[in-house]
J.: 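Mind looking over this structure? Questions follow.
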Amino acid sequence: MSGVFLRVVNMSISGGWLILAVLLLRLFLGRAPKWVSILLWGIAAVRLICPFLLESTLSLIPSAETIPPSVLSSTAPVIHTGIPMVNSAVNPIIRDALAPSPGDSADPLQILIPIFSALWLAGIAAMLMYAVISVLRLRKRVETAVLLRENILQSEFIPAPFVLGFFRPRIYLPFDLELSAMAHVIAHETAHIQRKDHWWKLLGYLLLSVHWFNPLVWLAYSLLCRDIELACDERVIRGLNNEDRAEYSRALLSCSISRRSIAACPLAFGEVGVKARVKSVLRYKKPAILVTVLALAVCTVTAVCFLTNPADSTKEPDLSFLHYENAASLVADRESITVIYCPPDVGEIRIGSTSGSALAAYLDSCEWTACRKPSRSLYSPGSVEFVISDDHRITVHDRKDGSLLRYAVVQYGDELRYYRTGRRDYDTALSIVGAPSVPPTVTKWFDYTEDPAALPWDSSVTAELEAFPHVIFSASSGEIRAEANGESTALIYGMPIWSCYFTDLTGDDLPDLCAELSMGSGVIDQRIVICDYANGASYELSTRGAYDFSLRYDEDDGYLHVEKRDHRTHELIAEGRLIYTDGCITAEFPEEEEQYGAALSVTVNTGADSLPQTFFPAGYPEGFDWDYGALPSGTIADEGTLIFDAAWDTDTLVISEDYYHDYGDTGYIEKETYTLTRNSSGQFELKASHRGENPEYAVYFIRGEAGVYVMKIFFGAMDEPAVG
């Protein structure tokens with residue numbers, strides 16, 4: 001009801017401006033037909049009745065919403081009169097008097113506005129009750145009236161002639177009315193009935209009942225009653241000669257009565273402004289056509305200027321994310337939005353998710369209305385909370401305790417904005433929530449990053465998993481191996497291997513080995529290696545010399561996370577979940593961060609026939625706009641030679657070759673760097689040099705000019721570790 005009351009107050013204020021305009025125009029329309037004033041009051045009535053009107057640059061209303069609805073929930077309430085001087089003078093006083101104090105259980109306006117609303121309703125009830133009692137008392141008085149003819153009756157208990165009734169109006173005359181005045185009186189009251197003045201006066205009284213708190217509406221109603229009588233007099237006398245007009249004036253004087261109060265009825269002949277009416281009758285001159293035309297033009301201009309709201313071109317759009325429509329534009333491209341919901345029939349909190357596009361479409365379809373903070377708590381069963389970020393959330397609440405009111409709350413930072421929602425908005429919000437997001441099971445095998453001094457350099461640890469019976473995984477400081485059926489296979493190689501976790505990243509319901517390790521000589525980088533033991537594949541997340549990647553288990557969300565740091569400064573650049581997507585291991589870094597996809601270790605066995613169809617880059621080299629799909633299939637031209645195409649805008653690639661020598665009990669890695677250029681066919685030829693007497697494998701890092709490798713190719717046996 002508070003919202004309705006504020007709407008009526010705003011309508012009353014804007015209607016007050018039009019009433020002032022009508023008062024001014026009446027001074028200049030003295031020669032115009034009297035019915036023009038009634039038309040102007042009709043325009044004012046439209047302004048007081050209609051809550052929504054069109055906007056126009058021609059509007060002369062300073063402000064159509066002097067008291068904004070947001071004042072109910074604002075911590076700094078202000079008004080917008082449309083007059084800057086008034087705003088600057090009044091708003092500081094309002095803020096000081098009505099701003100909530102810390103510790104208050106409710107804002108002052110949240111207490112005062114409901115009280116004012118109740119008083120407003122009580123005033124309406126009193127006005128209507130007074131009118132009903134007046135009509136009933138008058139009908140009681142004329143019960144014994146005698147029919148004179150048609151709809152004209154006479155009574156000895158009335159002081160003056162009047163019209164009573166709405167659907168079947170009747171003219172009542174006192175028995176002592178002079179015969180010389182009777183004809184004029186009957187003509188006047190008949191004109192009232194023909195002009196439907198009894199309905200105009202009733203409408204005016206109803207508007208006065210609604211806007212009883214506005215003194216300008218009281219003045220307007222009083223003048224409306226006078227103008228109705230003047231217009232009716234004018235209609236009767238325009239066909240009379242001077243002598244008859246004099247008789248009409250004497251009839252007015254003889255029937256004049258003292259009016260002690262304002263009422264909706266009756267239309268009494270001598271009740272209103274008798275002196276002014278007598279002067280008007282005696283001075284009457286038929287209005288010229290030009291004057292009538294000009295008066296109608298004035299009414300038209302008044303309607304255009306005062307029945308439209310000002311087009312506020314200076315008002316800045318609401319760009320705050322407290323506005324739910326702006327939030328829709330923010331989440332449209334998000335892949336996933338966490339949802340915390342509590343169905344009323346379940347009564348327990350659940351965690352789910354939805355896509356950003358689904359949430360954006362939902363918010364775009366909503367038509368919420370800003371409102372004040374509800375008096376009761378909203379956080380109960382029957383809520384759907386969309387977590388856009390830690391400090392940006394949208395919560396939709398279902399109807400509670402049989403109430404017809406439904407709400408939504410938008411939180412952005414430390415601010416809250418409340419909205420009134422539609423009947424189906426909660427059900428629709430609940431329908432876009434997907435299945436609960438259940439993090440994969442993560443089992444820690446070891447993690448020496450928590451205590452580097454505990455890393456066992458001269459011993460190893462083992463692990464057995466139910467998913468792989470008869471397999472023993474062993475890890476030393478330099479490698480992780482799997483022993484099964486009497487054979488030992490190297491899975492991950494590094495120096496040292498700092499941590500290893502078991503979790504299903506690839507989605508085959510079998511655990512993968514996720515390890516953080518250090519690698520290299522001279523330039524030592526930190527990288528993450530994933531071994532999909534079940535499918536014999538390994539993946540690596542690294543950009544050597546540019547960024548270091550470390551692995552961390554997040555107990556809050558139950559996922560493994562990746563921290564990307566600058567290789568030189570060790571500054572944290574980004575953090576996100578470790579994920580597997582599109583056949584590649586990567587990290588779910590924030591969108592604004594540069595994405596570094598993981599390099600898939602493409603294993604090429606000596607003598608194989610072909611390579612996989614896609615080469616997975618390890619990252620974007622600085623200064624190059626590399627296309628992930630720019631490398632088509634490659635082929636083995638002869639043993640140890642790889643021929644491939646590249647759509648990159650360069651004819652030169654820098655190759656870093658790491659190859660491993662095994663001399664019995666000792667082994668070491670040698671490095672070689674050289675330049676690879678396109679051949680006559682526009683292709684690149686990469687040969688495994690197999691330097692030395694007995695190289696076991698060779699790993700090639702293809703780099704751009706900036707020095708960041710974009711692809712890693714491994715020549716050698718499948719069970720050898722991929723080194724870098």
J.: Could you tell me whether the side chain of Val9 reaches within less than 4.5 Å of the side chain of Asn214, counting heavy atoms only?
T.: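 Sidechains of Val9 and Asn214: no contact.
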
J.: Taking the six-membered ring for Trp, are Phe167 and Trp199 parallel (under 30°), tilted (30 to 60°) or perpendicular (over 60°)?
T.: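 Perpendicular, since the angle between the ring planes exceeds 60°.
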
J.: Between CG of Leu207 and CE of Met11, what distance do you get to the nearest 0.5 Å?
T.: 8.5 Å

J.: Step through it carefully: locate the ring centre of Tyr172, locate the ring centre of Phe162, and say whether they are under 6.0 Å apart.
T.: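 Yes - the distance between ring centres of Tyr172 and Phe162 falls below the 6.0 Å cut-off.
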
J.: Hey, could you give me the CG/CD distance between Asn151 and Glu189, rounded to the nearest 0.5 Å?
T.: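 Nearest 0.5 Å value for the CG-CD distance: 10.5 Å.
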
J.: Under the 3.5 angstrom rule, does the side chain of Thr369 hit a backbone N or O of Arg420 as a donor-acceptor pair?
T.: no

J.: Cut-off 3.5 Å, side chains only: do Tyr362 and Asp425 have a donor facing an acceptor?
T.: no

J.: More than 12 foreign heavy atoms under 6.0 Å from CD of Glu325: is that the case here?
T.: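 For Glu325, atom CD is crowded (more than 12 foreign heavy atoms under 6.0 Å).
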
J.: Any donor and acceptor pair, going by atom type alone, linking the side chain of Arg31 with main-chain N or O of Pro287 inside 3.5 Å?
T.: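 Not a single qualifying donor-acceptor pair exists.
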
J.: Within the 3.5 Å criterion, strictly below it, is a donor on His188 or His192 matched to an acceptor on the partner's side chain?
T.: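 There is such a pair (donor and acceptor under 3.5 Å, judged by atom type) between the side chains of His188 and His192.
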
J.: Could you tell me if the side chain of Ile124 sits less than 4.5 Å from the side chain of Trp212, heavy atoms only?
T.: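 They are in contact (side-chain heavy atoms under 4.5 Å apart), so the answer is yes.
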
J.: Tell me yes or no: between the side chains of Ser12 and His211, is some donor less than 3.5 Å from an acceptor?
T.: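 The criterion, which ignores hydrogens and geometry beyond distance, is satisfied for His211 and Ser12.
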
J.: Rounded at 0.5 Å granularity, tell me how far CD1 in Ile43 sits from CD1 in Ile19.
T.: 13.0 Å

J.: Does atom CG (Leu24) have a neighbourhood of more than 12 heavy atoms from anything else shown, all under 6.0 Å?
T.: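 Buried by this count: over 12 neighbours within 6.0 Å.
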
J.: I'd like to check Asp227 versus Lys34 (side-chain heavy atoms, cut-off strictly below 4.5 Å). Are they in contact?
T.: no

J.: For Tyr205 and Met127, indicate whether the former's side chain and the latter's backbone hold a donor-acceptor pair under 3.5 Å.
T.: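 Yes, the answer is positive, given that a donor and an acceptor are paired below the 3.5 Å cut-off.
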
J.: Count the heavy atoms of every other residue, nucleotide or ligand shown that sit under 6.0 Å from CZ of Arg170, and state whether that count exceeds 12.
T.: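 Atom CZ in Arg170 is not crowded, with 12 or fewer foreign heavy atoms closer than 6.0 Å.
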
J.: Between atom CD1 of Ile113 and atom CG of Leu6, what is the distance when rounded to the nearest 0.5 Å?
T.: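 Answer for the CD1-CG pair, Ile113 versus Leu6, is 5.0 Å.
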
J.: Please check if atom CH2 in Trp200 has more than 12 non-hydrogen atoms from other residues, nucleotides or ligands closer than 6.0 Å.
T.: no

J.: Any salt bridge between Glu229 and Arg226, counting N to O under 4.0 Å?
T.: no

J.: Does the side chain of Leu224 reach to within under 4.5 Å of the side chain of Lys201, using non-hydrogen atoms?
T.: no

J.: Just by distance, do the side chain of Arg47 and the backbone of Trp17 share a donor-acceptor pair under 3.5 Å?
T.: no

J.: Please examine the side chains of Arg250 and His184, heavy atoms only from C-beta on, and report whether any two atoms are closer than 4.5 Å.
T.: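 Not in contact.
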
J.: What do you reckon, is CD of Gln194 surrounded by more than 12 foreign heavy atoms closer than 6.0 Å?
T.: yes

J.: Does Phe213 CZ have over 12 foreign heavy atoms under 6.0 Å away?
T.: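 Count over threshold, so yes.
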
J.: Any side-chain heavy-atom pair from Phe5 and Asn10 closer than 4.5 angstrom?
T.: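 A side-chain contact under 4.5 Å is absent here.
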
J.: Find the distance between CD (Glu150) and CD1 (Ile171) and round it off to the nearest 0.5 Å.
T.: 9.0 Å

J.: If you take all heavy atoms of Leu173 and Pro161, which pair is closest and at what distance?
T.: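 For Leu173 versus Pro161, the nearest heavy atoms are CD2-CB, 3.7 Å.
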
J.: Is it true that Tyr407 and Tyr419 have ring centroids separated by less than 6.0 Å?
T.: no

